[in-house]
Number of protein chains: 2
Amino acid sequence: MAKIQKKNIEKKIYEYHAEMCKVFSHPTRLEIINTLRESEMNVTELSTRIGIDMGNLSQHLGMMRDRRILTTRKDGNVVYYRLANPKMLDAFDILRKILIEQIKKDGNLVEALEE
Amino acid sequence: MAKIQKKNIEKKIYEYHAEMCKVFSHPTRLEIINTLRESEMNVTELSTRIGIDMGNLSQHLGMMRDRRILTTRKDGNVVYYRLANPKMLDAFDILRKILIEQIKKDGNLVEALEE
DNA sequence: ATAGTATTTTATAAATTTCTAAAATACTAT
DNA sequence: ATAGTATTTTAGAAATTTATAAAATACTAT
């Protein structure tokens, strides 16, 4: 394959990778992932658990489903969401652990992010 | 600790976690991380490798440093950047692997993201 | 068919992120 | 001090993301 073509494919992969990671870049969506850790849940219950109105929640769920982070199952008029791939929890946990260590070690982190 | 207090701390952690993940939500920043995989590199070389102008690159590097994803070392007037914690590469690789599998399995992913 | 519940979609305004280009800073060497 | 190189910062426009509120859809039960 030509060099220039290979380079473009790499760039494309970085774009899709970034697109996927956008899922993790919002606190509500992280809470959704963590809430679905062990089992599926329907939209109404997610809404009360997380404390967010259903319209907004549904938007978040929709974009997470577009990116294949969540999948759904429908029973009557209830929609159940669950994690598409439990391995993503490993990535979630690694980053959260790094974060917690940093907060313990480096009090300035909080300030750096709040300026 | 009071229940309401605990809830607020959890919410705060989701916020910092999301703040950290914003680093991964831009293709250029993912390429920076991948480029620094084995060794540090200075800004000028990063700039030519990635093909991005230095002003913009420096902005990305700055926000990554704020979030403690990168650290720096200065030698003369050359600034070397490196990964603050190599463990983050494990998270990077897990997600990239999930992504590659999805692209192989599910041709529609690309379309879903490009609409 | 009608009413009721669950979820999604839409429109729009507000907030945030990104890129660009220019200016400023930091350091080195003469 | 001056000039040159490396990096950072700034200001502003453009693009994207987010929240809110309302309307629309999908399904169930009567």
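Note on naming: letters A, B, ... go to the chains in the order of the sequence lines (proteins, then strands), and numbering restarts at 1 for each one. Just so it is clear, the structure is predicted and the values come from calculations on it, not from any experiment.
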- Under 4.0 Å between a Lys/Arg side-chain N and an Asp/Glu carboxylate O for Glu101(B) and Lys104(B)?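 Answer for the salt bridge query: no.
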
- Message: I'd like to know if Arg37(B) and Asp93(B) make a salt bridge, using a cut-off of under 4.0 Å between side-chain N and carboxylate O.
- Response: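 Answer for the salt bridge query: yes.
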
- Query: Does Val43(A) belong to the same Ile/Leu/Val/Met/Phe/Trp/Tyr cluster as Tyr80(A), with side-chain heavy atoms less than 4.5 Å apart forming each link?
  - Reply: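 The answer is no; the residues belong to distinct hydrophobic clusters.
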
- If two hydrophobic side chains count as joined below 4.5 Å and joins carry through other members, does Val78(B) share a cluster with Ile32(B)?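 Different clusters.
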
- According to the Watson-Crick and G-U wobble definitions, with both distances under 3.5 Å, which nucleotide is paired to dA22(D)?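 Base partner found: dT9(C).
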
- Item | Watson-Crick/G-U partner (both atom distances under 3.5 Å) of dG4(C) |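 dC27(D) - that is the nucleotide pairing with dG4(C), both distances being under 3.5 Å.
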
May I ask you to verify if any side-chain N or O of [X] is less than 4.0 angstrom from the OP1 or OP2 atom of [N]?
X        : N       : result
Lys74(B) : dA26(C) : no
Tyr81(B) : dT8(D)  : yes
Asn77(A) : dT28(D) : no
Lys22(B) : dT17(C) : yes
His60(B) : dC19(C) : yes

Just the rounded figure in Å: distance from [atom2] of [N] to [atom1] of [X].
X        : N       : atom1 : atom2 : value
His26(A) : dT16(D) : NE2   : P     : 18 Å
Met41(A) : dT7(C)  : CE    : C1'   : 17 Å
Asp53(A) : dA19(D) : CG    : P     : 9 Å
Gln59(A) : dA13(C) : CD    : P     : 16 Å
Asn56(B) : dA14(D) : CG    : P     : 17 Å
Arg73(B) : dA26(C) : CZ    : P     : 20 Å
Met63(B) : dT8(D)  : CE    : P     : 15 Å
Ile32(A) : dT7(C)  : CD1   : P     : 13 Å

- Any chance you could measure His17(B), atom NE2, to Phe24(A), atom CZ, to the nearest 0.5 Å?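 It comes to 8.0 Å.
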
- Message: On DNA chain D, compare the nucleotides closest to Asn42(B) and Ile52(A); which residue's is nearer the 5' end?
- Response: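 It is Asn42(B), whose closest nucleotide lies nearer the 5' terminus.
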
- Task: Hey, which sits more toward the 5' end of DNA chain D by its nearest nucleotide, Met54(B) or Ser25(A)?
- Result: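 Result: Met54(B).
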
- Task: May I ask you to say what Gly62(B) touches in the nucleic acid, namely base, sugar-phosphate or nothing, with a heavy-atom cut-off under 4.0 Å?
- Result: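 No contact.
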
